[in-house]
Amino acid sequence: MTTTFAVQEKMLPDTHTATMRATVFHGVDDIRVEEVPRPQAGPGEAVIRVTMTTICGTDLHIVRGEYPVRPGLIIGHEPVGVIEELGLGVSGYKVGDRVLVGAITPCGQCNACLSGKLSQCGHGSGYEAIGGWRFGNTINGAQAEYLLVPNAQANLAKIPDGVSDEQVVLLADIASTGIGGAEAGGVKIGDAVAVFAQGPIGLCAALGAKLMGAAVVIGIDGDDNRIAFARKMGIDVVLDYRVTDVEAEIHHLTGSGVDVAIEALGTQPTFETALRVLRPGGTLSSLGVYSGKLQLPYEAFAAGLGDHRIVTTLCPGGKERMRRLIEMVRRGKLDLRPLLTHRFKLANINEAYKLFGERRDGVMKVAVTP
Ligand SMILES: NC(=O)c1ccc[n+]([C@@H]2O[C@H](COP(=O)([O-])OP(=O)(O)OC[C@H]3O[C@@H](n4cnc5c(N)ncnc54)[C@H](O)[C@@H]3O)[C@@H](O)[C@H]2O)c1
Ligand SMILES: [Zn+2]
Ligand SMILES: [Zn+2]
């Protein structure tokens, strides 16, 4: 026993410290930055030193107790970093490589992964609903100095030289999710697309629809800052639901309704209006996280005979997804840096949560660095 222990100790880099700072969930409205054991990479795993992360709307649901996670868990699921340790069996990488890791970390080997449904990963076999979302949900997450990456071979996406942390940090979740919503909706050249809510997710969905060739993208929100921001980011038409009859206005703008309606909030009213503005045969692509029951009004649904498609998307993850998104950034097709409206040090992440949660000072996303 003693010998094994000594060998393991010797294999650790000289700079290795036993502990690190991390954002730990203790209970509702109680997260603390504290000293915790630093992870070590086992077979197939990697440890990255986190150089930038951010806070997601879903983290707010966790902190408010609306999405339960276990007390003691390190939260956060949007990591950019540098490889610090590589476990046995991870090839093609070296310590010091800069990497982006998606919010969703598929195993790459289960039925779900091998059938292309990586977000519903069954961890080695089968399918598990939401199984691909592990960071800050079922395993320790990214709002920390170091992060253990499971199934590293499937999840480390190298960041090319010349591409900064700021350019890629929002790809891990919001860009992958939002653009994924446009892809799942099957947006085609010439389509009319409506996107309900222009928070970070909805805005990325609208940008995704533009990238995919929509002729017109209509964003809907009711917050002055978000409306102004969506216009600044080039969304064609932005409707303020507080002063506009959204359903009438979209029918006026499009004739028969939109080809694709994207829901990016997770409420009955937005889901229902998305269905009401959809043309017969159109696709409702849903990204929001819902609670309670959702109802489909029969007339908007053409009594079930309207050839509508309703699809849902959990953020696509894995290294190939991240590589593709990084490539869009590197080639100048996608620039999400304007969304990083505020910066915080990890030590002050509680302030960042407060600002982000209250949507103060025009905040869209915050960059958090060690
Ligand atoms: N599917 C996924 O993988 C995934 C990933 C991350 C987040 N989410 C979910 O996506 C949703 C949006 O996330 P976000 O971070 O953009 O949220 P956010 O809270 O930052 O933004 C929500 C926006 O909705 C607007 N809004 C409120 N009521 C509205 C209404 N009736 N009509 C139109 N707009 C309205 C608000 O003004 C705000 O701008 C959340 O439910 C979040 O949990 C899903
Ligand atoms: Zn998220
Ligand atoms: Zn899997």
Side-chain angles (χ1 to χ4, degrees), residues 53-62 64 66-67 75-78 102-128 130-137 141-142 150-151 154-155 170 172-181 184 194-206 218-230 238-242 244 246 262-274 285-291 311-318 339 356-359 362-365:
T53 184
T54 179
I55 302 173
C56 175
T58 307
D59 295 324
L60 293 177
H61 291 309
I62 291 173
R64 291 170 183 159
E66 296 155 3
Y67 184 96
I75 55 176
H77 50 259
E78 299 163 274
I104 302 298
T105 46
C107 76
Q109 298 300 324
C110 69
N111 304 27
C113 286
L114 294 172
S115 305
K117 297 291 177 203
L118 282 67
S119 302
Q120 314 302 328
C121 173
H123 315 292
S125 69
Y127 289 75
E128 183 187 319
I130 328 178
W133 176 32
R134 304 184 68 191
F135 286 146
N137 179 22
N151 303 110
N155 286 296
L170 300 184
D173 184 355
I174 65 161
S176 190
T177 302
I179 294 172
V195 185
F196 287 82
Q198 290 295 286
I201 298 280
L203 183 56
C204 286
I218 305 163
I220 299 100
D221 207 292
D223 174 298
D224 292 334
N225 283 322
R226 297 277 160 101
I227 290 169
F229 205 91
V238 185
L239 302 178
D240 181 345
Y241 71 82
R242 294 169 303 180
T244 311
V246 170
I262 301 175
E263 202 287 347
L265 184 62
T267 66
Q268 173 71 33
T270 42
F271 185 89
E272 192 171 321
T273 313
S285 176
S286 173
L287 293 171
V289 175
Y290 304 87
S291 51
V311 294
T312 65
T313 301
L314 170 59
C315 174
L339 274 76
F356 186 65
E358 291 170 4
R359 261 191 253 145
V363 64
M364 283 299 280
K365 291 288 277 188

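Numbering of ligands and ligand atoms starts at 1, following listing order.
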Residue portion contacting ligand 1 (non-hydrogen atoms closer than 4.0 Å) for Thr177: side chain
Contact check: Asp173 vs ligand 1, nitrogen or oxygen atoms, below 3.5 angstrom: no
Option nearest atom 36 (C) of ligand 1 (shortest heavy-atom distance, choices Leu203, Asp221, Ile130): Asp221
Test item: Arg64 side-chain N/O and Gly357 main-chain N/O as donor-acceptor pair under 3.5 Å: yes
Main-chain N/O of Arg226 paired to Asp223 side chain as donor or acceptor, under 3.5 Å: yes
Atom CG of Leu60: over 12 foreign heavy atoms under 6.0 Å: yes
The Zn ion (ligand 2) to Asp173: nearest N/O/S atom name: OD2
Thr312 side-chain N/O to Ser286 backbone N/O, donor-acceptor pair under 3.5 Å: no
Please tabulate, one pair per line, all N/O donor-acceptor pairs under 3.5 Å involving side-chain atoms of residues 172-179, not counting sequence neighbours.
{"from": "Asp173", "atom 1": "OD1", "to": "Thr177", "atom 2": "OG1", "distance (Å)": "2.9"}
{"from": "Asp173", "atom 1": "OD2", "to": "His77", "atom 2": "NE2", "distance (Å)": "3.0"}
{"from": "Ser176", "atom 1": "OG", "to": "Pro316", "atom 2": "O", "distance (Å)": "2.6"}
{"from": "Ser176", "atom 1": "OG", "to": "Arg321", "atom 2": "NE", "distance (Å)": "2.9"}
{"from": "Thr177", "atom 1": "OG1", "to": "Asp173", "atom 2": "O", "distance (Å)": "2.9"}

Part of Ile201 with heavy atoms under 4.0 Å of ligand 1, whether side chain, backbone, both or neither: both
Geometric N/O contact Asp223 with ligand 1, under 3.5 angstrom: no
Phe196 N/O to ligand 1 N/O under 3.5 Å: no
For the Zn ion (ligand 3): protein N/O/S atoms at distances below 2.8 Å: 4
Short N or O distance, Cys315 and ligand 1, threshold 3.5 Å exclusive: yes
Distance-only N or O hit between ligand 1 and His61, under 3.5 Å: yes
Contact check: His77 to the Zn ion (ligand 2), N/O/S below 2.8 Å: yes
